[in-house]
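Basis for what follows: all heavy atoms, side chains included, without hydrogens, waters or symmetry-related copies. Each ligand, and each atom within it, is numbered from 1 in the order the structure gives.
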Amino acid sequence: MTDIEVKEISKDENNVLAQMVNMDHEQILFCQDKATGLKAIVAVHDTTLGPALGGTRMWNYTNEVDALTDVLRLSRGMTYKNSISGLHLGGGKAVIIGDSRTQKNEALFRRFGKFIDSLSGKYITAEDVGISPQDMVWVNQETSHVVGLPGKSGDPSPVTAYGVYVGMKACAKAQFGNDSLSGIKVAVQGAGHVGQYLIKYLKDEGAKVFVSDIYEPSLKEVSEKYGSTIVGLDEIYDLDVDIFAPCALGATVNDDTLKRLKCSIIAGAANNQLQDETIHGKIVMDKGIIYAPDYMINAGGVINCFAEVDERTSAWAMDKAGQIYDTTAEIINRSKANNIPTYAIANKMAEDRIEKAK
Ligand code: NAD
């Protein structure tokens, strides 16, 4: 038998296998179809805990490297989110390269559905940015491995908002000694699907809400319905508030905003809130701010999807999302006891559950 020389795999970002090794992905499926113009990538990150579940994103990526980077990062994020939420699900994600306003049609999504079906249930898809329930109906014509269909688990935003709300209360308990949000000042960035439900919970409990959004009608709506104070897009970082709740964009906790934020809690629905997890997670802790790890506190949406997969009721999903209170409290306690940032504690908890299952 001849010796096979095993070369060290390079970390070059153009080397797909090297990226898979670095981020520990199980499988990537590249899909193309000339007839429909479909170009998609499905990334299955880890199926130790169950089938990989994560949405499909349709985005006009500038190039394929960006699309690949996005799907690898997002699918790994789903593994962590599903693990820390105690779901019997692994992590995966799909991206369709294209303009969601002009390039959608039935044939494209049915072709995509066939590719999903070829994975035989190893990956279950759902909606993400640029994808509607109708698109998923087309996907469902070719595969049963899809959730978030009309008439099934429905809009996940109310469950996501509830999880964020209870997580926020756990942060308040740790920071102020009491989990009541009555009289607490909260800056909500983004009055979209989740933001609006969250503002209702906050208003009902007597919190004072400040809100920013780029979309005027949403601001008008929350101001009229809940009496929230409208603030400027940039002004939101300078407010004298107790809690900053990012519910719009990622990377809003960064070098610039950390010099300005006066809050002692950061807890919101947006994904990837820390621009650089390692750097900004540490600064936040050193400043005495409690940060609720984003993928843990915003897991209500995927919990809602799991309820559909596992044929559970919406009441079960709300109850499960309510457990985000305890998980948040545990992460904060461990963070304080070990002087380790909350994001790192959350990552460890997610990784430990997978290791144990292995
Ligand atoms: P959405 O699109 O309905 O709402 C986002 C809102 O943010 C919109 O109203 C938009 O106008 C606003 N916005 C955009 N740029 C802004 C800016 N610079 N400043 C202030 N507001 C701005 O989205 P959503 O479903 O409410 O989700 C909000 C965030 O939570 C997203 O980051 C999403 O990825 C994350 N998330 C959502 C869910 C869910 O169940 N919907 C689950 C997990 C995570």
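- Under the 3.5 Å distance criterion, the side-chain polar atoms of N298 are matched with a main-chain donor or acceptor of A269.
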| Trace of the side-chain hydrogen bond (donor to acceptor under 3.5 Å, both in side chains) decision for H25 with S75 | CA-CA 9 Å; H25 282 77; S75 54; 2.9 Å; yes
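- Partners of Y237 according to the ring pair (Phe, Tyr, Trp, His ring centres under 6.0 Å) rule, which considers only residues two or more places apart in sequence or in another chain, are F244.
- A side-chain donor from one of N254 and T257 sits under 3.5 Å from a side-chain acceptor of the other.
- Ring-plane geometry between Y162 and Y165 is classed as tilted, the angle between the planes lying from 30 to 60 degrees on a 0 to 90 degree scale.
- Ring geometry for Y295 against Y80 counts as perpendicular: the plane angle is over 60°, on a 0 to 90° scale with 30° as the lower cut.
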May I have every N or O pair linking ligand 1 to the protein at under 3.5 Å, one per line with atom names and distance?
| unit_1 | atom_1 | unit_2 | atom_2 | d |
| --- | --- | --- | --- | --- |
| ligand 1 | 3 (O) | H193 | N | 2.9 |
| ligand 1 | 3 (O) | H193 | ND1 | 2.6 |
| ligand 1 | 9 (O) | D213 | OD1 | 3.4 |
| ligand 1 | 9 (O) | D213 | OD2 | 2.7 |
| ligand 1 | 11 (O) | D213 | OD1 | 2.6 |
| ligand 1 | 26 (O) | H193 | N | 3.0 |
| ligand 1 | 26 (O) | V194 | N | 2.8 |
| ligand 1 | 30 (O) | A269 | O | 3.2 |
| ligand 1 | 32 (O) | A248 | O | 3.0 |
| ligand 1 | 34 (O) | N271 | ND2 | 3.2 |
| ligand 1 | 40 (O) | T160 | OG1 | 2.7 |
| ligand 1 | 41 (N) | S157 | OG | 3.4 |

